Amino acid sequence: MPVVYVENIGDWEGKEVTLRGWVYNRRSSGKLQFILLRDGTGVIQCVAFKGNFPPEEFALLDALGQESSLEIHGVVRTDSRSPGGFELDIRRFRVIQAADNYPITPKEHGTSFLMENRHLWLRSSRQHAILKIRHEVIRACRDYFDDRGFTLVDTPIFTPNACEGTTTLFETGYFDQTAYLTQSGQLYNEATAAAFGKVYCFGPTFRAEKSKTRRHLMEFWMVEPEVAFATLEETMDLAEGLVCFILERVLARRRAQLEILERDIGALVRVAGPFPRLSYDEAVKVLQASGSAIEWGGDLGGGDETVLSERYDSPVMVHRYPAAVKAFYMQPDPERAEVALCVDVLAPEGYGEIIGGGARIHDHDLLLGRLAEHALSPEPFGWYLDLRKYGAVPHAGFGMGIERVVAWICHLTHLRETIAFPRTLYRIYP
RNA sequence: UCCUCAGUAGCUCAAUGGUAGAGCAUUCGGCUGUUAACCGAAGGGUUGUAGGUUCGAGUCCUACCUGAGGAGCCA
């Protein structure tokens, strides 16, 4: 007898099949048992009639708690009363493990309780839908770069020094040395870009900032492309293409999950290139006109990002920030040395920054000077400076935060639902 | 780090300073088509912790603990 998955159940109409999964919910009506079986690909209602089973066997079904695991053999049939259009008429079954007192009931729960039970919460339909979309986003990122001749070269997670010197890093022991968990693969990407031309890395990133907001996780995933010879404008095109590609993929393949989340799909369909491109100068004027206290030279605050991103249907690209508020490696604009050739992409609907990137300094002495200005010792950057001595070329890239993109696409209020086991400021369990 | 709010049954929440309750979950009983099924019954509590005010505190006060929301910082 074929073992099948719920997502393919329509191919087996009228046939006897085996399903394996977990009890999502159970209802009984005297001589009938309705078991909603969940198998990771979908949920199907399975029906057992008392008269078809020995009494002691039927009693087993009556005692099944939520999330008990079992194997069911039965006949697939169409039924208009079933949400999925199909039902399974149970002929035989085997309880693999009978579960009692599953903590998450089909009623409402608070966030704190659900986070404490995150390992179980993942089984609920909403969390399942979000993580399926996350997977689609990640797959789209890989396909986008792979299809364009990029090479995936992953960068290390243990790093010997505080790369950018800006954010607080997690410190850890490394035998008799101190190591830090990476905050970005970008510096290493610059080395691999000089070896492969077009590269990207895709891994976890760690920030020990004591940020307690819906937009922050201590551990999050970034995809970071880096392209030798690329200009800022080419990088902006690459970022815009990536975002459009991800949306097309999710709309084409994960519409059912968006509907489970009751996402306004129209807002995603309206996203189209070319994205509005605003210089920092223009952005400041727009913000000042709308009442922001921002002055030229300051970085955009969270509220500023929200105001800007709510003005457009598509993500907005803000470029050429003051060099002083950006990292040491940012290439200054040859026309105006006080601004950097960088770009932030702000997602619409108030979601704020999803991408940050720009052109990197490729002149050795300029970079050395910037290190000094940022009070960074040049010794740990020996290898990084080498890249400016042996065939330096202009190059650029960006980093995109996966969780923020998923939160925007799913229209979530908090980043913690976009990753299976979020690491937040005051929670590292489970 | 700062500000605000909240901790009562396994969960979600009630309870004017005066006997601590409901729904869901659990257990038992009923029902051949249920859709967060329904109907009946039962069990379930050191009201976050420690002090204090009061004849009397879940309720008021103080400290602490835990969590949530926001700010700053950041992607």
Side-chain angles (χ1 to χ4, degrees), chain A residues 24-36 43-52 58-59 62-67 77 79-84 87 89 99-117 120-121 124-126 164 166-169 182-186 204-224 298-303 305-306 325-327 342-347 351-357 398-408 413-416 418 424-427 429:
Chain A
Y24 195 62
N25 199 2
R26 186 176 61 79
R27 291 179 285 267
S28 68
S29 181
K31 302 199 165 48
L32 283 171
Q33 284 287 340
F34 301 95
I35 291 166
L36 291 176
V43 178
I44 187 170
Q45 177 162 279
C46 305
V47 187
F49 175 51
K50 194 171 187 174
N52 293 341
F58 194 75
D62 201 36
L64 273 187
Q66 197 185 341
E67 291 299 324
R77 64 169 181 236
D79 193 308
S80 57
R81 293 168 292 192
S82 184
E87 270 191 356
D89 187 29
D100 288 323
N101 289 308
Y102 185 69
I104 301 176
T105 65
K107 295 285 177 178
E108 287 168 21
H109 298 284
T111 308
S112 179
F113 174 77
L114 290 169
M115 287 309 304
E116 193 70 15
N117 291 284
L120 304 175
W121 188 22
S124 67
S125 61
R126 179 182 163 81
E164 302 185 19
T166 52
T167 56
T168 318
L169 302 182
T182 182
Q183 60 172 324
S184 165
Q186 185 226 307
T205 306
F206 308 88
R207 306 275 166 99
E209 301 287 345
K210 294 217 165 183
S211 301
K212 182 177 166 47
T213 80
R214 63 183 63 191
R215 298 152 91 120
H216 292 89
L217 296 171
M218 302 304 108
E219 178 181 318
F220 63 99
W221 288 68
M222 272 210 296
V223 59
E224 297 177 88
D299 207 351
L300 269 53
E305 286 190 5
T306 303
V325 301
K326 288 292 176 182
C342 64
V343 61
D344 280 0
V345 180
L346 311 179
Y351 276 88
E353 183 171 353
I354 52 171
I355 289 176
F398 64 84
M400 185 179 79
I402 294 302
E403 286 76 15
R404 286 186 175 182
V405 172
V406 174
W408 162 47
T413 56
H414 203 297
L415 228 47
R416 66 186 156 213
T418 62
T424 55
L425 186 52
Y426 295 119
R427 180 183 293 285
Y429 177 92

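Note that the coordinates shown come from a computational prediction; the quantities given were computed from them, not determined experimentally. Chain A is the first sequence line, chain B the second, and so forth, proteins listed ahead of strands; every chain is numbered from 1.
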| field | side-chain contact (heavy atoms from CB on, under 4.5 Å) evaluation trace for A:Phe34 with A:Asn25 | value | CA-CA 8 Å; A:Phe34 301 95; A:Asn25 199 2; over 6 Å; no
Between [options], which nucleotide gets closest to the side-chain atoms of [X]?
X	options	value
A:Ser28	B:U34, B:A36, B:C31	B:C31
A:Arg427	B:G67, B:G33, B:C24	B:G67
A:Ser29	B:G33, B:U26, B:A68	B:G33
A:His414	B:G69, B:A25, B:U34	B:G69
A:Phe113	B:G72, B:G33, B:U12	B:U12
A:Thr213	B:G67, B:C73, B:G33	B:C73

| said: Does B:G69 have OP1 or OP2 under 4.0 Å away from a side-chain N or O of A:Arg416? | reply: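 So the side-chain polar atoms of A:Arg416 do come within 4.0 Å of the phosphate oxygens OP1 or OP2 of B:G69, strictly under.
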| message | Check the phosphate of B:G10 against A:His109, side-chain N and O only, distance under 4.0 Å to OP1 or OP2. Yes or no? | response |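 It does not, given that no N or O in the side chain of A:His109 lies less than 4.0 Å from OP1 or OP2 of B:G10.
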Over how many whole Å does the gap from [X] atom [atom1] to [N] atom [atom2] extend?
X	N	atom1	atom2	answer
A:Arg27	B:C38	CZ	C1'	11 Å
A:Ile104	B:U26	CD1	P	14 Å
A:Lys50	B:G30	NZ	C1'	11 Å
A:Leu415	B:G69	CG	P	12 Å
A:Leu425	B:G72	CG	P	16 Å
A:Arg26	B:U27	CZ	P	8 Å
A:Asn25	B:C38	CG	P	10 Å

| Would you say the side chains of A:Gln66 and A:Thr105 form a donor-acceptor pair under 3.5 Å? |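 Short answer, no.
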Considering every strand and a 4.0 Å limit on heavy-atom distances, what is the contact class for [X]: base, sugar-phosphate, or nothing?
X	result
A:Arg126	nothing
A:Tyr102	nothing
A:Leu36	nothing
A:Gln66	nothing

| task | Mark yes or no for a side-chain to base donor-acceptor pair under 3.5 Å between A:Gln33 and B:U34, with no hydrogen or angle criteria applied. | result |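 Flag unset: no donor-acceptor pair detected.
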| Does the pair A:Lys326/A:Asp344 count as a salt bridge with the N-to-O cut at 4.0 Å? |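 Salt bridge present between A:Lys326 and A:Asp344.
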| request: Would you mind telling me which residue lines up with the more 5' stretch of RNA chain B, A:Asp344 or A:Gly110, judged by nearest nucleotide? | output: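 First, find each residue's nearest nucleotide; the 5'-ward one identifies A:Gly110.
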| field | Nearest-nucleotide 5' precedence on RNA chain B, A:Thr111 against A:Gly356 | value |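 On the 5' side of the pair lies A:Thr111.
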| field | Assigned partner base of B:C2, Watson-Crick or wobble definition, under 3.5 Å | value |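 B:C2 is paired, partner B:G70.
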